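Notes to accompany the following structure.
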Amino acid sequence: MSGYKTLRGPAEAELTEKRSVFICRVKPVSTEEEALAFLNDIRRRFSDARHNVYAYALRGNGISRFSDDGEPHGTAGLPTLDVLRKGGIVDAVAVTTRYFGGILLGTGGLVRAYSLAASMAVERAGVCEMAACAFFSFTVSYADYPRVQALADRSPALRVERTEFGNGVTVYASASEEALPAVQTALRDMLCGRVSFLDGGRGYSEL
C-alpha cells in the first residue's frame with residue numbers, strides 16, 4: 001500500500017469569462033458510483049445550464065473519466081481532468097456548470113476557463129496527503145490518558161483518530177507499518193506495561 005493525495009472536502013468556485021459563468025464543484029469520492037451520483041445530482045439541480053462538464057479520477061483500477069458535455073472536443077472535460085492529474089489528486093470528482101453568456105470564447109478561451117474554474121475549486125477544497133497505516137486501539141485510565149495525549153503531541157509517528165470515554169478512555173490510533181512496533185513499545189514503556197492493543201486493520205490516514 002502506498003499513499004495518495006485527495007481533496008480535503010467539497011468546495012465550489014465561480015468564474016465569469018465574457019459573460020459566461022463557470023461554476024466548478026468538487027468533492028472527494030471513493031467509487032465511480034459516488035462520482036456519478038454527484039454528477040447526476042448537479043445535472044438535476046442545474047438542468048437549465050448549457051453544459052455540465054465533468055471529470056473524475058479514482059485510485060481503484062486507475063479509473064479516470066471525463067466529458068465535454070457538448071463543448072468542442074478537448075476544451076472542457078480533459079482540461080478539468082488535467083487539473084486533478086497535475087495535482088496528483090485521486091478519489092475526486094469535478095463538475096463545472098456553464099451558463100452561456102452569448103459570446104464565443106474559442107477553444108483556447110474554453111480551455112483556460114475550465115482549467116481555471118477547476119483549479120480555483122480544488123484550491124478552496126484543499127488537498128490532503130493520505131498515508132498507508134495500521135490502525136489499533138487500547139484503553140487506559142483517566143489518570144494515564146494525559147500521558148497518551150502528550151506522547152501523541154510530540155510523536156509524529158502516532159496519530160490519535162478518536163477517543164471514547166467510558167469506564168476508561170479508549171483510544172483509536174494509527175501509525176505507519178514501519179513505526180507501529182516502536183510506537184506500541186513507547187506506549188507500553190510509558191504506561192509501565194498497563195496496556196494491551198487491539199488490531200484495527202490496515203487503511204489510510206491523513207498525514
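Just so it is clear, the structure is predicted and the values come from calculations on it, not from any experiment.
Geometrically, Arg25 engages Phe46 in a cation-pi contact, judged by NZ or CZ lying under 6.0 Å from the ring centre and within 45° of the ring axis.
A salt bridge does not link Arg45 to Asp48: none of the charged nitrogens lies less than 4.0 Å from a carboxylate oxygen.
Between Ala173 and Leu158, the shortest heavy-atom distance links the atoms CB-CD1, 3.8 Å. The two residues Ala55 and Thr80 come nearest to each other via the heavy atoms CB-CG2, 3.8 Å.
With 3.5 Å as the limit, one finds no donor-acceptor pair spanning the side chains of Ser119 and Glu123. Side chains of Tyr114 and Glu71: a donor on one and an acceptor on the other come within 3.5 Å. Arg159 and Ser174 form no side-chain donor-acceptor contact under 3.5 Å, judged by distance and modelled atom types alone. No side-chain donor from either of Thr107 and Thr75 sits under 3.5 Å from a side-chain acceptor of the other.
The salt bridge (Lys or Arg N to Asp or Glu O under 4.0 Å) test applied to Arg147 returns Asp144, not counting sequence neighbours.
Apart from Phe100 itself, the hydrophobic cluster it occupies contains Leu104, where clustering links Ile, Leu, Val, Met, Phe, Trp and Tyr at side-chain heavy-atom distances under 4.5 Å.
Within the structure, every pair that satisfies the side-chain hydrogen bond (donor to acceptor under 3.5 Å, both in side chains) test and touches residues 52-62, not counting sequence neighbours, is listed here: Glu32-Tyr56, Asn52-Thr97, Arg59-Asp91.
Taking the six-membered ring for Trp and the full ring otherwise, Tyr4 and Tyr204 have centroids separated by under 6.0 Å.
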